[in-house]
Amino acid sequence: MTGQINYPSGGEKLSVKDGKLHVPDNPILGYVEGDGIGPDITSASMRVWDAAVEKAYGGKRKIHWAELYMGEKAAGLYDGNYFPEETKAALRDLLVSIKGPLTTPVGGGFRSLNVSLRQDLDLYACVRPVRHYAGVPSPLKRPEDVDVVIFRENTEDVYAGIEYQSGSESNRKLADFLRNEMGANFFQEAGLGVKPISEFGSKRLVRKAIQYAIDNNRESVTLVHKGNIMKFTEGAFRTWGYELAREEFHEQTITEEELYSIYGGKRPDGKVVIKDRIADIIFQMMLLRPNEFDVIATMNLNGDYLSDAVAAEVGGVGIAPGANMSDNIAVFEATHGTAPKYANQDKVNPGSLLFSGVMMLEHIGWQEAADLITAAYQEVVTSKIVTYDFARQIEGASEVKTSQFASAIIDQIRGGLDIEEFREQREQAIEKDRKVREMRRVSSPLEEMIASGRTPHTVGDLMNPSPVSVPADISVEDAMHLMREKHISSVVVRPGEDGEWGIMTQRDVLSRIVSAGRAPKSARVGEVASKPLVTVAVDMSLHECAEKMSNSNIRRVAVTDKDREPIGIISDTDIFASVEQFGLPE
């Protein structure tokens, strides 16, 4: 490079080959020191990252750091330019960089440097992993249940900057058009903003989230939206998200509806479950049952609120990592501000930047080094060696400086950490948690939907999966024994000589056998079953299903798959319970 930026000798730039990031053993990675507390936390974090790489790979791998300039340091070097073109070019050229917090310059007409970074480099995905680390103070009873990665769309929504000030000429023009041409009704002199949500922007964000889930063995991706109110923007985001999963990840994903209707609540190995939740529900769920959610994909405003709110559950934004990414470029960052009153005091918690570096190591495939830092951090914090922000919340804590905290982590990294045991314990805990939730889904599907915030919309959401079926020539007596043993009120009857499916209910036995004085032992199920079997498709709405049951004067119907095979039973009792709990879905 020319100008102020110099790439270190001995390093090699990253590249993209066949859509995949190629990382040499001696990569050049960019870093921006940051403003305020930036120099303190950057120097401390870099020491930890380098120590972890050295320990993990025994000197066979090494990061070659190239300093890039933004913020106040850049302004001093580039005649007042806070985000010079040379830095933009280097961020594109190096592909992977990390930065400390930046000050937005005071004065009219200046954009936030973070916003400029995202827009100028089209870093469309803000990625925020949020998980609890042992020993970190938390307001939750079970903070260890929080382990979610939030993918926030970075370029659209109300943050796109399409706003018109009340009283301005442009506001008047838009207001007149909306009222006179579009029939809109709103208060006079209202400030106006536009909320663009595109298919292109939505799908590339969801694509990145699903690919992350697949690559990192995550269980689910949840589309978070307010589509029940904003149907053509946030509702469209949900629709496009499901479309993308179906079109591009058909082999690797199933919907939550399919999880219940086809697989009886048991997630097939290797499949990522695609589901969605209303935005206000997700805030409740992340407090009440956060382990229901693995990866979240959402729009700009929702993601802004959600990422900070969930971070507060596990220690705050002071230790919350983050990154802004495009298809190929990734800029990792501290997610908090510059805290100028603590600048150059060697005082603050470096956790946010430190763990953003862990994200960066994971991104380039250096998982061993990333795990070393995570394990060492937990050892230090559980020993109550912490910076001032945690010290005031932990009884008996030893308060240390930023640099001393980094040194304590490095001592652990270089010591006798059993990283394999750390990984095994984490994997076992994740698997145990998944098994418990799977058991609940299988045994009590409707109750589990209610508890996890899912609102039933289709018969597939409510049906009792895997109905018990019997051959047509079995005796009614044997079928009755089976029904009592299984605690069920009906059985599906497989086709006999007539080739038709049927259903035999307790009511059929009473009206056609008991009241007629026939012996159940001598009667065949095929003689008693109601035929032809009334069926509905798995994606039929509850309203349509209720209408069909009413018109047919029956209390239950069979749910069939695309091959017309019965895969479930839904009754009027199921629909009644759902409507009573949730109301009639839209």
Side-chain angles (χ1 to χ4, degrees), residues 7-8 11-16 20-34 38 41-57 61-68 70 87 90-102 114 117-118 121 123 125-131 133 149-152 154 208 211-212 215-216 307 311 317 319-336 350-377 406 409-410 413:
Y7 289 171
E12 184 180 346
K13 290 191 294 185
L14 282 67
S15 59
V16 176
K20 299 291 184 181
L21 187 68
H22 173 71
V23 182
D25 288 339
N26 57 338
I28 301 174
L29 302 183
Y31 77 95
V32 175
E33 193 174 52
I41 63 175
T42 298
S43 62
S45 296
M46 290 178 74
R47 289 171 52 216
V48 175
W49 300 329
D50 286 341
V53 171
E54 170 66 28
K55 177 68 174 180
Y57 308 113
R61 288 176 171 175
K62 180 182 178 180
I63 297 172
H64 293 255
W65 297 102
E67 184 171 9
L68 314 179
M70 290 182 68
T87 297
L91 291 168
R92 293 188 182 97
D93 188 40
L94 294 177
L95 298 180
V96 173
S97 304
I98 191 164
K99 71 176 187 67
L102 296 171
N114 290 325
L117 178 70
R118 295 166 186 172
L121 299 181
L123 304 178
C126 177
V127 184
R128 295 278 296 271
V130 188
R131 58 169 287 201
Y133 299 95
V149 183
I150 300 170
F151 281 73
R152 166 191 171 193
N154 246 348
K208 203 167 194 69
Q211 189 62 60
Y212 178 91
D215 293 343
N216 292 275
S307 54
V317 294
I319 62 165
N324 293 294
M325 299 180 174
S326 66
D327 289 337
N328 297 319
I329 302 170
V331 180
F332 298 84
E333 65 176 359
T335 59
H336 53 68
S352 177
L353 188 64
L354 180 69
F355 284 117
S356 295
V358 170
M359 282 181 72
M360 182 176 64
L361 291 169
E362 292 173 339
H363 180 70
I364 66 174
W366 292 12
Q367 189 66 49
E368 298 84 359
D371 287 346
L372 271 174
I373 297 172
T374 301
Y377 178 89
I409 294 175
I410 292 170
I413 289 172

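The first residue in the sequence is number 1, and the count goes up from there. Every heavy atom of this structure was used, including side-chain atoms; hydrogens, water molecules and symmetry mates were not.
- A search for side-chain hydrogen bond (donor to acceptor under 3.5 Å, both in side chains) contacts involving N26 returns nothing, not counting sequence neighbours.
- Partners of K13 according to the salt bridge (Lys or Arg N to Asp or Glu O under 4.0 Å) rule, which considers only residues two or more places apart in sequence or in another chain, are D93.
- No side-chain donor-acceptor contact under 3.5 Å links K208 to the backbone of M325.
- In this view, Y377 and Y133, F355, F405 satisfy the ring-ring contact (aromatic ring centres under 6.0 Å, His included) rule, not counting sequence neighbours.
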**Request:** Under the side-chain contact (heavy atoms from CB on, under 4.5 Å) rule, what do D25 and Y57 come out as? Steps first, then yes or no, please.
**Result:** CA-CA 10 Å; D25 288 339; Y57 308 113; over 6 Å; no

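- Residues forming a ring-ring contact (aromatic ring centres under 6.0 Å, His included) with Y212 (at least two apart in sequence, or on another chain): F151.
- Every residue two or more places apart in sequence or in another chain that forms a side-chain contact (heavy atoms from CB on, under 4.5 Å) with E362 is listed here: V358, Q367, A370.
- Residues forming a salt bridge (Lys or Arg N to Asp or Glu O under 4.0 Å) with D215 (at least two apart in sequence, or on another chain): none.
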**Request:** Show your working on side-chain contact (heavy atoms from CB on, under 4.5 Å) between I28 and E12 and close with a plain yes or no.
**Result:** CA-CA 6 Å; I28 301 174; E12 184 180 346; 5.7 Å; no

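- R131 is linked by a side-chain hydrogen bond (donor to acceptor under 3.5 Å, both in side chains) to nothing, counting only residues two or more places apart in sequence or in another chain.
- Side-chain atoms of S356 come within 3.5 Å of backbone N or O of G322 as a donor-acceptor pair.
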**Message:** Using the rule given for side-chain contact (heavy atoms from CB on, under 4.5 Å), can you reason through K55 versus D50, listing the C-alpha separation, both sets of side-chain angles and the distance that settles it, and then say yes or no?
**Reply:** CA-CA 9 Å; K55 177 68 174 180; D50 286 341; over 6 Å; no

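- By the side-chain contact (heavy atoms from CB on, under 4.5 Å) test, T42 is found to be paired with Y31, E33, M46, L353, residues two or more places apart in sequence or in another chain being considered.
- Across every non-hydrogen atom of L102 and V32, the tightest pair is CD2-CG1, 4.2 Å.
- By the side-chain contact (heavy atoms from CB on, under 4.5 Å) test, P27 pairs with L14, V23, P24, L29, W366, sequence neighbours left out.
- Nearest heavy atoms, W65 versus M360: CH2-CE, 3.7 Å.
- For the pair G38 and P101, the tightest heavy-atom approach, listed with the atom from each and the gap, is CA-CD, 4.0 Å.
- The two residues A369 and A52 come nearest to each other via the heavy atoms O-CB, 3.6 Å.
- Partners of S43 according to the side-chain contact (heavy atoms from CB on, under 4.5 Å) rule, which considers only residues two or more places apart in sequence or in another chain, do not exist here.
- Taking each heavy atom of L68 and S97 in turn, the nearest pair found is CD1-OG, 3.9 Å.
- Scored by the salt bridge (Lys or Arg N to Asp or Glu O under 4.0 Å) test, E368 finds no partners at all (sequence neighbours excluded).
- Here the shortest heavy-atom pairing between E333 and I98 reads N-CG1, 4.4 Å.
- Judged purely by atom type and a 3.5 angstrom limit, W49 uses its side chain to pair as donor or acceptor with the backbone of L354.
- For N324 (side chain) and L123 (main-chain N/O), no donor-acceptor pair under 3.5 Å exists by modelled atom type.
- With hydrogens and angles disregarded, a donor-acceptor distance shorter than 3.5 Å links the side chain of T335 to the backbone of A320.
- Residues that satisfy the side-chain hydrogen bond (donor to acceptor under 3.5 Å, both in side chains) test with S45, not counting sequence neighbours, are absent from this structure.
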